[in-house]
Every structure is written in C-alpha cells, then in structure tokens.
Protein chains: 2
Amino acid sequence: MRTTKPTRRSDCPICYSLDFLGDKWTLLVVRDLVFMGKRHYGEFLKSDEGIATNILADRLSKLEAAGIIRKSVDPESRVKNVYTLTEKGLDLVPLMLELVAWGAKHDPQTGAPKAFVRRLREDRAGVIKEIRKRLAKG
Amino acid sequence: MRTTKPTRRSDCPICYSLDFLGDKWTLLVVRDLVFMGKRHYGEFLKSDEGIATNILADRLSKLEAAGIIRKSVDPESRVKNVYTLTEKGLDLVPLMLELVAWGAKHDPQTGAPKAFVRRLREDRAGVIKEIRKRLAKG
DNA sequence: CCGGATCCGTTTCGATACTG
DNA sequence: CAGTATCGAAACGGATCCGG
C-alpha cells in the first residue's frame, strides 16, 4: 500500500495515508464495509458504482496488505470468503463520518439521510460507538 | 468535480465526496494549503512529491470549480496568484486532522510530529480553531 | 520571472472475457 | 464464487513553449 518511490516525507503529517485515501475504489470498498454491511467479494461487486473484478481483487489485497482488512473463510458457507475490518480499519470510522458530515453540509441534496446526519452532529461519539459495535460482532 | 457518469447514489452517504478525496494529487494540494501554508502555484510545484505542472493546473481548477479553493491575484506582487481555502475548504480541516490522527496512530514512525498529535488528541477543538484562524487571516 | 498550455512517450487503470 | 489475462483507454511525467 505504500508508494514504491520513497519520497522524503519530512514534516508531512498525512502523506502516509494518501495511497489509501487517494484512490476512489479503495475508499468505496471501505464505505461498503463500514456503512453497507458488506463482507463478501460478490457484494462489493454489486455496488452501484460497478467496480471491475480485477480492480476489486487488487484493492482488497492492498487493503489486506495495509492491515486494514482481514480475509477469512466464511464459517457458514465454507466456499465464500469474508472480509472484515481490523482494528486499524475500525479506526477509520471517525474519518468516514467526518467525510459524511462534510458532504452533507456542503451538498445537502446528495448523500446522507438527514436523520443520520443530525444524530451525527449531536452525538458523534455515540454514533461511532454504535457502528463499531455493529461491525465488531459481525 | 463530480463524476461524468451519473451513477445512482441512493443511500450512499459519502459518494459525493469521493471525486475529491479519491485522488492523490488533489489531496496533496489540500494538505499543502492546510498544513504547509502554501498559497502559490510555484509553492505547490515544489512539494517533495513532485507534481507536474499540467497536473497541478488541472487539480487547482477542479478544486476551484468544486468551491473548495478561491483564486485571486496576490496584492503584493500583482503577477502572482494566491490560492486560498473557501469556507467549504476550511470545513475540511477536521477531516484532514482525522487523517493525521489515524496515520499517527497506526504508523507512528512516519508522519506527524509527536507533540502535534498529542495536542490534537487532547484538544481537538482547539487545534481546529487555531488552524482555521491562521488560515482565515492569511 | 510566474502561471500555465500543449505535445508526447510511458505507465497505470479498468472493462470484458475467461478460468480454477 | 473468486478471482486472472488481455488489451484498449486514460492518466501521468517531462519537456517545451507561450502570454503577461
């Protein structure tokens, strides 16, 4: 997930995260994990945006290499794989919520359900905790 | 800044922001604006990552079209342009800080100065306010 | 000098077809 | 179901040129 070219990163506080955040499809997969409850390859594939199979495979493996998700065999089907967020991945929830809030504020007609946004504004910590709990017990 | 292909975005709370966030160079420019105090074309050009002139021009115009930055003539030189964050752009500060915190937590050896990260953890609101103030009076 | 625009060779991405 | 292989399209990097 890191850049191949080892540019100096001196005082830059966010460069590290850029390879992960600076990619549309990666972000989309994380969204599906966090907000959509998706866990299987086939589910990610069916998102509205229409990710290609090779791209999905690539991003999943990069997310795994970055320690953000974990791949395991679905105990219920034995033939499917399950992708779940690691602790590092769960720590992205606040970031994703920040993104939701920003989008909702500056482009209200698109995006997040009003009720959810209001709750997010009033009880950020509570929303975070709830999402984490839901994801953790998955 | 929006996608050309108008995909359905139904319940997706963050799709709107993806075109902006899902691009390495755009994010890098915003970083330079928020944390590095850069304001001129030439300054962005000189970042460690080495953005090309055509790419930079493209991202700046897209950021302007998205209402995140504003372009004006430098009153001090009359030949330079100044790029500053709009209100919408300033509202990205919390998001960027979330990113910093995440990177710092999960990849400590790279990235943000320790002291800054600690202050961020202890007084998030204060850090946000301070950065906004610094950027606003610029 | 500053802020781009343009052209071009190279790399990377991604849609589709195909496979274990 | 979960991916690879292929191949055309798009993005990128670098050099160069140009208007103010």
Side-chain angles (χ1 to χ4, degrees), chain A residues 1-8 15 18-30 32-33 36-66 69-84, chain B residues 1-8 15 18-29 32-33 37-66 69-84:
Chain A
M1 210 56 191
R2 309 301 297 279
T3 41
T4 47
K5 214 192 300 175
T7 50
R8 271 188 306 108
C15 302
L18 285 186
D19 294 326
F20 149 67
L21 260 194
D23 178 80
K24 174 188 174 181
W25 295 118
T26 307
L27 216 41
L28 233 20
V29 170
V30 174
D32 283 349
L33 280 162
M36 309 295 202
K38 299 188 180 174
R39 304 156 58 86
H40 300 119
Y41 186 92
E43 294 180 302
F44 297 121
L45 219 51
K46 269 179 272 172
S47 70
D48 279 356
E49 290 82 6
I51 187 170
T53 61
N54 58 342
I55 306 299
L56 176 57
D58 176 73
R59 298 308 195 272
L60 284 173
S61 84
K62 280 179 176 166
L63 279 169
E64 193 186 3
I69 66 174
R70 173 187 325 128
K71 175 184 184 174
S72 45
V73 176
D74 191 334
E76 294 179 11
S77 93
R78 208 72 50 68
V79 66
K80 280 173 157 182
N81 292 331
V82 208
Y83 297 91
T84 49
Chain B
M1 215 50 192
R2 309 301 295 277
T3 41
T4 48
K5 216 192 296 173
T7 49
R8 272 188 305 108
C15 302
L18 287 186
D19 293 326
F20 148 68
L21 259 196
D23 178 79
K24 175 189 172 181
W25 294 119
T26 307
L27 215 43
L28 232 23
V29 170
D32 284 349
L33 280 162
K38 299 188 181 177
R39 305 156 56 85
H40 300 118
Y41 186 92
E43 293 180 304
F44 298 120
L45 217 52
K46 270 179 274 173
S47 70
D48 279 357
E49 289 79 8
I51 187 169
T53 62
N54 54 347
I55 308 296
L56 175 58
D58 177 72
R59 297 309 194 272
L60 284 174
S61 83
K62 281 177 176 166
L63 278 169
E64 193 185 2
I69 64 174
R70 173 188 324 124
K71 174 184 183 174
S72 46
V73 176
D74 191 332
E76 293 179 12
S77 95
R78 210 69 55 65
V79 67
K80 281 174 156 180
N81 292 330
V82 205
Y83 297 91
T84 49

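What you are looking at is a predicted structure, and each value in this text was computed from that prediction instead of being measured. To find a chain, count down the sequence lines: A is the first, B the second, and so on, and within it residues start at 1.
Considering only residues two or more places apart in sequence or on other chains, Asp58(B) meets the salt bridge (Lys or Arg N to Asp or Glu O under 4.0 Å) condition with Lys62(B). Judged as a side-chain contact (heavy atoms from CB on, under 4.5 Å), and not counting sequence neighbours, Lys46(B) has no contacts. Applying the side-chain contact (heavy atoms from CB on, under 4.5 Å) test to Lys80(A) and every residue at least two apart in sequence or in another chain returns His40(A), Asp74(A), Ser77(A). Residues meeting the side-chain contact (heavy atoms from CB on, under 4.5 Å) test with Ala52(B), sequence neighbours left out: Asn54(B), Ile55(B). Ser61(B) pairs by the side-chain contact (heavy atoms from CB on, under 4.5 Å) definition with nothing, not counting sequence neighbours.
The side chain of Tyr41(B) sits closest to dG3(C) out of dA2(D), dG3(C), dT4(D).
In this structure, Trp25(B) reaches the dG13(D) phosphate: one of its side-chain N or O atoms is under 4.0 Å from OP1 or OP2. For the OP1/OP2 pair of dG3(D) and a distance below 4.0 Å, the side-chain nitrogens and oxygens of Tyr83(A) include at least one atom meeting the criterion. Distances shorter than 4.0 Å separate none of the side-chain N or O atoms of Lys46(B) from OP1 or OP2 on dG3(C).
Each of Val79(B) and Leu60(A) was matched to the nucleotide of DNA chain D holding its nearest heavy atom; the match closer to the 5' end belongs to Leu60(A).
A donor-acceptor contact shorter than 3.5 Å is absent between the side chain of Tyr83(A) and the backbone of Lys38(A).
Put simply, CG on Leu56(A) is 15 Å from P on dC13(C), counting in whole angstrom units. We find that CD1 of Ile69(A) is positioned 13 Å from P of dA2(D), with the value rounded to whole Å. When rounded to the nearest whole Å, the span between NZ of Lys38(B) and C1' of dG3(C) equals 16 Å. Between Asp74(B) atom CG and dC1(C) atom P there is a gap of 18 Å when expressed in whole angstrom units. Between Lys24(B) atom NZ and dC13(C) atom P the separation is 10 Å, expressed in whole Å. Across the protein-nucleic acid pair, Leu45(B) atom CG and dG14(D) atom P stand 11 Å apart, rounded to whole Å. Atom CD of Glu49(A) is separated from atom C1' of dA15(C) by 16 Å (rounded to the nearest Å). Counting to the nearest Å, the P atom of dG3(C) and the CG atom of Asp58(B) are 17 Å from each other.
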Find every protein N or O atom lying less than 3.5 Å from an N or O atom of nucleotides 6-11 of chain D, and list the pairs.
none

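Ala57(B) comes within 4.0 angstrom of the backbone, heavy atoms only, and of no base. Here Phe44(B) lies out of heavy-atom contact (under 4.0 Å) with every strand.
Scanning atom types as modelled, no donor and acceptor separated by under 3.5 angstrom connect the side chain of Thr53(A) and the base of dA15(C).
Of all heavy-atom pairs between Val82(B) and Val73(B), the closest is CG2-C, 3.9 Å.
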